[in-house]
Amino acid sequence: MGGVREGGLTLVIWISFILCYVYVCTGFSPIDSFLIDCGSPANTSIGNRLFQPDTSDSKTLSTPIDILANTTGILDSGIYGLRLFETARVFNGTSSYTFRIQKAGRHWIRLYFAPFIYQSYDMSTAKFSVATQQFVLLSDFQIQKDSVVKEFSVNVIAGDLNIQFTPASGSFAFLNALEVVSVPDELITDDASNVPPKTSFQGLTKQALQTLWRVNMGGPTVSPTNDTLGRTWIPDEEFLANKNLARKITGIVKYVDGGPSRDIAPDPVYGSARQMNTGGDPNTKINVTWTFDVDRGFRYFVRFHFCDIVSTTGNQLIFNVYINTWQAYQNLEFPTVGTPRYIDYVTEQSESDKLSVSIGPSTDSADNYANAILNGLEIMKMNSSSNSLGDTPFMSSKTGSKMNLGIIVGVAIAVIALILAIVVFFICRRRKRLAKLQESKNWVPFSMNMNGGNTTTMGGRKYTGTTTNTITNLGYRVPLVALQDATNNFDETWVIGVGGFGKVYKGELVDGTKVAVKRGNPQSQQGLKEFLTEIELLSRFRHRHLVSLIGYCDEKNEMILVYEYMENGTLKGHLYGSDFPTLSWKQRVEICIGSARGLHYLHTGSEKAIIHRDVKSANILLDENLMAKVADFGLSKAGPELDQTHVSTAVKGSFGYLDPEYFRRQQLTEKSDVYSFGVVLFEVLCARPVIDPSLPRDRVNLAEWAMKFQKLGQLDQIIDPNLVGKIRPDSLRKFGETAEKCLSEYGVDRPSMGDILWNLEYVLQLQEAVLPDDPDENSTNGIGELSPQVSDVVHTTTDTGAGTGTGNGTDTQIDIGDDDISGISMSRVFSQMVKAEGR
């Protein structure tokens with residue numbers, strides 16, 4: 001049976017190829033078509049396309065010296081048009097190609113590169129930039145091996161199009177082949193949506209685009225000779241997050257008038273697809289996800305290609321589409337079977353080097369067979385605000401304002417004048433200050449620890465090693481004088497919180513940006529290590545649900561962190577112990593969803609997971625719109641390597657939120673954050689402290705107390721009185737089940753943050769709409785693809801506020817030595833909290 005199906009698939013593919021090739025011969029005919037085989041002495045035919053040689057005596061090429069390189073030993077890289085890579089033109093100075101454009105509009109610009117050695121030119125060492133019109137296409141570009149085609153799409157005005165190659169200092173540039181070809185007007189229009197938010201994006205036609213990925217889901221490679229616009233489509237296997245969740249399918253495509261033509265995508269793309277591998281179970285709840293490498297700091301144009309080649313009589317195809325964790329399209333359906341369709345989106349500025357797309361069944365389609373498909377996908381990088389596709393744009397804080405050139409110049413002049421004014425004073429005081437530093441038992445700023453191997457003493461702890469090289473992004477350093485001015489010289493009336501690291505002041509920078517300034521207390525148990533960790537993490541990661549680091553200061557024995565200001569303080573402050581208005585159930589769930597997104601990004605947004613280690617309501621901050629952001633990364637730690645299951649480390653965290661398994665075994669995983677987040681969920685529901693020694697013994701620990709009622713099915717008896725009668729039973733039940741799974745005794749039984757995120761979004765749907773009975777609603781393992789006697793207790797600190805917001809009440813942090821404590825009971829630990837000496 002499998003052989004018959006494989007044979008049928010092969011036959012369909014070959015028929016599609018033949019039909020597509022026939023159409024190419026009579027398809028779109030570009031008015032402008034310049035195909036150049038650089039360095040070639042004669043014409044080169046590739047399929048039905050003719051590449052002409054470039055000659056220095058023509059008006060097309062301008063270069064200081066003619067350097068034509070060739071090789072007959074280039075390896076077959078599998079790239080289309082291999083013969084185009086056998087010759088190249090080398091540029092040892094600024095050079096350019098100029099083309100006379102007859103039709104204004106969008107044009108392909110394709111650059112072919114394959115490095116080889118010619119005489120003294122080793123092309124794998126070449127470093128150069130490429131620009132055209134007002135756009136920078138490549139910046140300090142290098143290619144070490146293999147062959148690559150860089151494809152760009154630029155809106156060109158009529159007249160001369162100039163493509164300039166500029167070698168870096170001491171280097172050279174090279175090019176194997178070049179294409180400049182007209183693109184049909186209907187290929188890229190302004191009919192695209194932002195995600196998030198779901199609003200129309202304007203100005204797409206004026207954007208320069210670089211094709212990063214063009215993928216044929218469920219089908220084979222489509223070469224340029226089989227595409228009307230000379231495009232290459234590659235198979236999707238390497239991008240699938242879980243190959244077992246999807247299977248291939250082929251079908252017949254019917255192009256209709258008014259719909260997408262073969263110029264949008266060829267038959268082999270619309271005629272093949274990936275669909276959910278449900279195993280015949282119509283109630284299956286899974287997502288099919290593909291993950292792609294992208295460049296941080298850019299927005300992306302994402303085009304989905306769909307063609308319903310799976311529906312049969314009685315089974316209507318309805319499903320959801322996701323970009324990263326955002327729902328791009330809900331309840332996508334098709335009026336006709338076999339008719340192509342495409343949908344365009346523009347993402348927000350990427351805060352990660354990964355972009356994922358997913359398809360999954362609609363929660364509103366209970367009467368329909370659970371299935372979802374995707375036929376093709378295109379991901380294109382959009383130019384930055386500086387009209388560059390090569391340089392990664394600066395990713396500013398969302399609360400930071402844009403400073404114009406005059407302000408920047410003025411600030412620079414003021415800083416220079418200030419430095420000149422204080423230099424004499426600094427020299428006079430230097431000897432005295434150094435003497436004081438030698439006697440001081442306080443910390444020494446890392447910028448002053450200049451000798452490798454030195455030992456720095458902080459709060460009674462010693463750190464050995466060179467710390468000056470730990471911080472790589474010195475662009476975040478803020479002068480102390482600027483922070484003194486921003487906080488009215490650290491006015492005590494401006495204090496908005498006190499934490500384990502020190503006091504937090506509200507401030508305002510000279511450009512009007514509101515900030516939260518966390519000034520380290522030299523006597524604090526949290527010191528240099530936490531300071532460095534916070535800077536290193538937040539200068540490397542950016543996410544809408546992580547508090548942004550604006551800068552830091554390490555002058556004059558100070559350790560100061562500067563964050564974006566969060567208008568509404570901490571989640572803890574909104575739940576109890578303050579005068580904030582009561583949060584509605586919807587607001588609480590949305591805050592939990594935002595927090596879960598931030599933690600999910602920490603766990604999955606880099607090569608190694610980042611484990612927060614201090615997840616609590618005091619470290620979840622709320623902006624002016626009550627959007628949640630996770631804060632305080634001083635205790636964060638990189639997760640295990642791929643071949644490891646955990647990180648062995650001393651126990652750190654906050655009482656009441658601490659993972660018992662981590663406490664017993666000193667083995668840290670992402671599931672430790674999951675446990676802490678489960679405690680936060682019950683805290684959100686019950687609006688009471690996680691540890692309250694004033695209560696009866698069986699109610700002191702919130703997690704233990706809430707779990708008893710959850711297992712009895714009586715969670716509604718302990719919820720915040722302000723929520724009584726305002727939560728739908730299904731929503732409450734799903735929320736309680738999610739929290740219960742988070743608090744599982746063993747980490748392997750807990751869901752991932754991706755699972756939690758999916759379940760919380762479902763909790764919100766259950767609250768906002770009456771949905772049909774869901775066979776999966778009693779399971780908290782939802783879609784995993786979204787888009788989951790204490791004598792050794794020492795060094796406890798009291799945390800009375802979040803790092804960057806206002807704090808209420810106290811959270812006791814724990815720091816436990818490296819001895820084995822596997823036999824210690826958590827109940828005995830919590831019993832120490834009732835005693836004053838246990839704090």
Side-chain angles (χ1 to χ4, degrees), residues 30-74 77 79-103 107-124 126-133 135-138 141-143 147-154 156 159-168 171-183 224-225 230 232:
I31 295 177
D32 298 311
S33 181
F34 302 95
L35 309 180
I36 307 296
D37 187 359
C38 303
S40 175
N43 292 339
T44 304
S45 295
I46 304 295
N48 61 333
R49 314 176 81 203
L50 183 66
F51 285 75
Q52 298 178 334
D54 57 347
T55 56
S56 57
D57 58 354
S58 70
K59 295 181 180 180
T60 301
L61 174 64
S62 173
T63 185
I65 304 177
D66 253 1
I67 307 177
L68 281 67
N70 65 80
T71 180
T72 56
I74 189 169
S77 61
I79 301 291
Y80 155 78
L82 179 63
R83 285 198 295 152
L84 295 176
F85 296 126
E86 294 180 349
T87 63
R89 183 172 285 275
V90 176
F91 309 113
N92 64 355
T94 300
S95 306
S96 64
Y97 288 90
T98 303
F99 303 98
R100 173 63 64 174
I101 300 300
Q102 300 181 52
K103 183 181 183 301
H107 285 61
W108 296 126
I109 298 178
R110 296 188 179 109
L111 307 175
Y112 293 70
F113 301 102
F116 56 86
I117 298 176
Y118 175 76
Q119 296 179 358
S120 61
Y121 294 99
D122 182 355
M123 297 178 197
S124 65
K127 185 176 183 181
F128 55 94
S129 299
V130 183
T132 183
Q133 297 192 143
F135 298 107
V136 176
L137 305 182
L138 297 171
F141 174 69
Q142 285 184 289
I143 176 171
S147 306
V148 66
V149 179
K150 294 287 186 178
E151 181 184 272
F152 304 91
S153 173
V154 179
V156 181
D160 288 343
L161 171 65
N162 182 271
I163 303 175
Q164 187 175 81
F165 294 77
T166 305
S171 188
F172 61 94
F174 77 96
L175 182 66
N176 298 83
L178 170 65
E179 291 185 44
V180 175
V181 182
S182 298
V183 173
T225 56
T232 299

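We use all heavy atoms of the structure for the numbers below, so side chains are in, but hydrogens, waters and symmetry mates are not. Source: prediction; values computed, not measured.
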**Message:** For a quick test of reading the model, state the closest non-hydrogen atom pair linking Leu84 to Ala177 and the distance between them.
**Reply:** CB-CB, 4.1 Å

**Message:** Tell me the closest heavy-atom pair linking Phe172 and Met123, and the distance in Å.
**Reply:** CZ-CA, 3.9 Å

**Message:** Less than 4.5 Å apart, side chain to side chain, heavy atoms only: is that true for Val154 and His107?
**Reply:** no

**Whether Phe99 and Phe34 hold their rings parallel, tilted or perpendicular, with breakpoints at 30° and 60°** = tilted

**Prompt:** Is it true that the side chains of Thr60 and Asp54 contain a donor and an acceptor less than 3.5 Å apart?
**Reply:** no

**Fill in**
Smallest heavy-atom separation, Leu178 atom then Phe51 atom, equals O-CE2, 4.3 Å

**Message:** When you compare the side chain of Arg49 with that of Val181, does any pair of heavy atoms fall below 4.5 Å?
**Reply:** yes

**Item:** Any donor-acceptor N/O pair, Asp32 side chain to Gln102 backbone, under 3.5 Å
**Value:** yes

**Prompt:** For Ser124, which residues count as a side chain to side chain donor-acceptor pair (under 3.5 Å) partner, sequence neighbours excluded?
**Reply:** Asp122

**Shortest non-hydrogen contact from Cys38 toward Leu175** = CB-O, 3.2 Å

**Request:** Verify, without hydrogens or angle tests, whether Arg110 (side chain) and Leu35 (backbone) share a donor-acceptor contact under 3.5 angstrom.
**Result:** no

**Request:** Any chance you could measure Ser171, atom OG, to Asn92, atom CG, to the nearest 0.5 Å?
**Result:** 10.5 Å

**Request:** Evaluate the side chain to side chain contact (heavy atoms under 4.5 Å, CB included) criterion for residues Ser45 and Leu50: first the C-alpha distance (whole Å), next the side-chain angles of each, then the deciding distance (0.1 Å), finally the verdict.
**Result:** CA-CA 5 Å; Ser45 295; Leu50 183 66; 3.5 Å; yes

**Message:** Is the shortest side-chain heavy-atom distance between Pro64 and Ser95 below 4.5 Å?
**Reply:** yes

**Prompt:** So, do Phe128 and Phe141 have ring centers that fall under 6.0 Å from each other?
**Reply:** yes

**Message:** Under a plain distance cut-off of 3.5 Å, with no hydrogens placed, do Thr87 and Asn70 share a side-chain donor-acceptor pair?
**Reply:** no

**Fill in**
Closest heavy-atom pair, Glu151 versus Trp108, reported as atoms and distance to 0.1 Å, is OE2-CZ3, 3.4 Å

**Item:** Mutual orientation of the aromatic rings belonging to Phe85 and Tyr112 [parallel < 30°, tilted 30-60°, perpendicular > 60°]
**Value:** tilted

**Request:** Check whether any side-chain heavy atom of Leu111 lies under 4.5 Å from a side-chain heavy atom of Phe165, and answer yes or no.
**Result:** yes

**Message:** Looking at Asp66 and Arg89, is there a salt bridge between them, counting it only when a charged N and a carboxylate O are closer than 4.0 Å?
**Reply:** yes

**Asked** Are the side chains of Val130 and Ile163 in touch, meaning some heavy atoms are under 4.5 Å apart?
**Response** yes

**Complete:** Residues at least two apart in sequence or cross-chain that pass salt bridge (charged side-chain N to carboxylate O under 4.0 Å, His left out) with Lys103, listed by chain then number, are Asp185

**Message:** Using side-chain heavy atoms (C-beta onward) and a distance below 4.5 Å, is Asp37 in contact with Pro53?
**Reply:** no

**Message:** If the condition is ring pair (Phe, Tyr, Trp, His ring centres under 6.0 Å), which residues does Phe152 pass it with, not counting sequence neighbours?
**Reply:** none

**Message:** Parallel, tilted or perpendicular, judged at 30° and 60°: which one describes the rings of Phe113 and Phe174?
**Reply:** perpendicular

**Prompt:** Between Gln164 and Thr132, does a side chain to side chain contact (heavy atoms under 4.5 Å, CB included) hold up when you go through it step by step?
**Reply:** CA-CA 6 Å; Gln164 187 175 81; Thr132 183; over 6 Å; no

**Asked** Between Leu161 and Val180, does a side chain to side chain contact (heavy atoms under 4.5 Å, CB included) hold up when you go through it step by step?
**Response** CA-CA 9 Å; Leu161 171 65; Val180 175; 3.7 Å; yes

**Message:** For a quick test of reading the model, state the closest non-hydrogen atom pair linking Gly39 to Leu68 and the distance between them.
**Reply:** O-CD2, 3.7 Å

